[in-house]
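One structure below.
We number each residue from 1, following the sequence as shown. Hydrogens, waters and symmetry mates are skipped; everything else that's a heavy atom, side chains included, is used.
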Amino acid sequence: SFTFGFDQGMMTGKNARKHCDNFVRVCAEIVEQGDCDLLFACEVGGFRKGFQTASIDVRELLKDPFGDSVQVAEIDNYVAVWNFGSWDVGGAAQPAQVSLHGCAERYRIPSAFGRDVDAAITQFDVVTSDIGMCHVVVGNMHIPSLSCQVTKQRAVRRLRDRLDDYVFEDPGIPVVRIMVGDNNLGTQHVREALQPE
């Protein structure tokens, strides 16, 4: 997962093509160097605005390095990308089969101290050659750095609880719950937020 730091003006101004090219380049480098099957980005555009708001088809942008098989889910300024295929730049050495399970959703966490915190939640079915099938539920969240520590920890805890609520109809298949993005908390504060009450 990475934070890209686009603001809406970068996506609609005269330099939009340059910023989109940079986004594609960064995605390609991460997938190649990280041996990725899934890629997540947050802060790609202004708050609750992203590629779609600027009428940019991010899937079309990413076809250049990844081919026609690439898949994208967008919620506001959050992006999930998968199915990198067998492309020239790299990709997973032993790629998993990834498919979207259901649809992506925006999860809003109200804040008593300023702007609400949003998370994009996506569910996947993932099949690998070594472990077989599992469900993967990913919460991608960005918390503004100006938020107080208590607010950040509360948002992390609420997202953890929301991810724990996801129940799948086939109990024999393992479920992996992952939080990505940028919560602007140190490791110890994240551990405190995630520990059981």
Looking at Asp76 and Lys49, is there a salt bridge between them, counting it only when a charged N and a carboxylate O are closer than 4.0 Å? no

Common cluster, Val81/Ile75, ILVMFWY with side-chain heavy-atom separation under 4.5 Å: no

For Ala119 against Met141, the heavy-atom pair lying closest together: CB-CB, 3.9 Å

Classify the side-chain pair Asp170/His135 by whether it contains a donor and acceptor separated by less than 3.5 Å. yes

Leu163 and Ile173: same hydrophobic cluster, using ILVMFWY side-chain contacts below 4.5 Å? no

Report yes or no: does Arg59 contribute a side-chain atom to a donor-acceptor pair with the main-chain N or O of Asp68 at less than 3.5 Å? yes

Can you label the angle between the Phe168 ring and the His101 ring as parallel, tilted or perpendicular, going by 30° and 60°? perpendicular

Measuring only between side-chain heavy atoms, which start at C-beta, is Phe51 closer than 4.5 Å to Leu61? yes

Single hit among Arg158, Arg108, Arg154, Arg106 for salt bridge (charged side-chain N to carboxylate O under 4.0 Å, His left out) with Asp116: Arg108

Interatomic distance, CD1@Ile178 vs OG1@Thr122, rounded to 0.5 Å, equals 9.0 Å

Is any side-chain heavy atom of Lys63 closer than 4.5 Å to a side-chain heavy atom of Val70? yes

Any salt bridge between Asp21 and Arg17, counting N to O under 4.0 Å? yes

Within the 4.5 Å heavy-atom criterion, are Tyr78 and Val44 side-chain neighbours or not? no

Provide the closest heavy-atom pair for Cys42 versus His142 in the form atom of the first, atom of the second, distance. SG-CB, 4.0 Å

Applying side chain to side chain contact (heavy atoms under 4.5 Å, CB included) to Ile143 and Asp182, what does each step give before you reach the verdict? CA-CA 6 Å; Ile143 303 173; Asp182 184 2; over 6 Å; no

Identify the heavy atoms of Val176 and Cys134 that sit nearest to each other, and give their distance. CG2-SG, 4.4 Å

With hydrophobic residues grouped by side-chain heavy-atom distances under 4.5 Å, do Tyr107 and Leu100 end up in a single group? no

Would you check, one step at a time, whether the test side chain to side chain contact (heavy atoms under 4.5 Å, CB included) holds for Ile121 with Tyr166? CA-CA 10 Å; Ile121 299 176; Tyr166 280 87; 3.3 Å; yes

Do you see a donor-acceptor pair shorter than 3.5 Å between the side chains of Asn83 and Gln71? no

Side-chain donor-acceptor pair present, Gln149, His189, cut-off under 3.5 Å: yes

The test is side chain to side chain contact (heavy atoms under 4.5 Å, CB included); show your working for Cys36 and Phe84 and say whether it passes. CA-CA 8 Å; Cys36 298; Phe84 304 111; 4.3 Å; yes

Working note: Leu159 + Val156, criterion side chain to side chain contact (heavy atoms under 4.5 Å, CB included); need CA distance, chi angles, decisive distance, verdict. CA-CA 5 Å; Leu159 180 57; Val156 168; 5.9 Å; no

Strictly below 4.0 Å, N to O, side chains only: are Arg162 and Glu105 in salt-bridge contact? yes

